[in-house]
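Have a look at the structure below before the remarks.
Keep in mind the model is a prediction, meaning the values are calculated, not measured.
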Amino acid sequence: MNAKAARGPDVGSSDTLVLGEAERALIARRSRVGLFRALAAQAFTGMLVVLGAWGIAGKDAGFSALIGAAAYFLPNALFALRLLLGYFGPERPGSLAFFWGEFLKLLTVAGVVVLVAWRWGDWLNWPAFLLGLLGVMKGYVVLLALRRLP
């Protein structure tokens, strides 16, 4: 083996990675499975927080945690659905579409949080609401613990 082959391709060289149809299909399948796993893990952690809040602090805390969990889960599920639909279309979504989608998702979550604070701020159990929100946001920790990240 010569020295260049041992180093690998030079940065900026014209060597490009060419994937066959089988490799592309495997990557697309792993991406779809990863999205479903992430959503399932987020739903699981959100429900754990809701049930914990309900059991520890009562019905109002449970509903507050549910509202917090839904405030992140629903926009995230819609974003994941949009990404999944892109896999089945004639053209795959690019990285710019991903970043704009992520931006719109976070903007929606922030808007829901403001709306909830404005509408139910005096009734809401804020610690439970924030734990519900954070529980869904950090749902991938379940996948890390189970070593099931895509």
Side-chain angles (χ1 to χ4, degrees), residues 8-9 11-12 15-150:
V11 175
D15 296 336
T16 58
L17 177 64
V18 178
L19 297 176
E21 285 301 315
E23 290 92 357
R24 287 182 194 187
L26 179 64
I27 291 170
R29 183 182 179 285
R30 287 187 73 197
S31 297
R32 290 189 300 269
V33 168
L35 280 173
F36 284 119
R37 282 184 185 165
L39 286 175
Q42 288 178 331
F44 176 75
T45 57
M47 285 290 90
L48 279 180
V49 171
V50 168
L51 292 173
W54 195 309
I56 293 171
K59 182 177 67 170
D60 287 346
F63 281 125
S64 296
L66 181 64
I67 292 168
Y72 192 84
F73 184 78
L74 293 176
N76 196 46
L78 290 174
F79 178 50
L81 179 65
R82 165 63 182 99
L83 290 175
L84 285 171
L85 290 176
Y87 283 119
F88 297 114
E91 193 172 307
R92 302 269 193 272
S95 58
L96 191 60
F98 174 82
F99 286 114
W100 275 110
E102 187 70 21
F103 173 74
L104 290 174
K105 177 188 81 172
L106 293 175
L107 193 64
T108 302
V109 171
V112 169
V113 169
V114 168
L115 180 67
V116 166
W118 174 70
R119 181 72 176 102
W120 296 299
D122 54 341
W123 165 83
L124 201 67
N125 182 323
W126 281 99
F129 174 80
L130 293 174
L131 282 175
L133 186 70
L134 289 173
V136 173
M137 287 174 71
K138 299 302 178 188
Y140 66 88
V141 172
V142 172
L143 297 178
L144 280 172
L146 298 175
R147 297 178 188 248
R148 302 293 294 168
L149 281 177

Hey, are the side chains of Arg82 and Leu78 touching, using non-hydrogen atoms and a 4.5 Å cut-off?
no
Nearest 0.5 angstrom please: Leu124 CG to Leu130 CG, how far?
8.0 Å
Calculate, to the nearest 0.5 Å, the distance between atoms CG and CZ belonging to Leu104 and Phe79 respectively.
9.0 Å
Closest approach of [X] and [Y], non-hydrogen atoms and distance?
| X | Y | value |
| --- | --- | --- |
| Gly46 | Val136 | CA-CG2, 3.7 Å |
| Gly135 | Val49 | CA-CG2, 4.2 Å |
| Leu39 | Ala77 | CD2-CA, 3.9 Å |
| Thr108 | Pro75 | CG2-CG, 3.9 Å |
| Ala71 | Leu133 | CB-CD1, 4.2 Å |
| Asn76 | Gln42 | ND2-OE1, 2.5 Å |

With [X], which residues qualify under side-chain contact (heavy atoms from CB on, under 4.5 Å), at least two apart?
| X | result |
| --- | --- |
| Phe103 | Trp100, Leu107 |
| Leu134 | Met137 |
| Ala53 | Ala61, Ala65, Ala128 |

Could you go through the side chain to side chain contact (heavy atoms under 4.5 Å, CB included) check for Leu83 and Leu35 one step at a time?
CA-CA 9 Å; Leu83 290 175; Leu35 280 173; 4.1 Å; yes
For residues 109-120, which side-chain donor-acceptor pairs fall under 3.5 Å, sequence neighbours excluded?
none

Which pairs with one or both residues in residues 127-136 pass salt bridge (charged side-chain N to carboxylate O under 4.0 Å, His left out), sequence neighbours excluded?
none
Listing request: all ring pair (Phe, Tyr, Trp, His ring centres under 6.0 Å) pairs with a residue in residues 41-77, at least two apart in sequence or in separate chains.
Trp54-Phe63
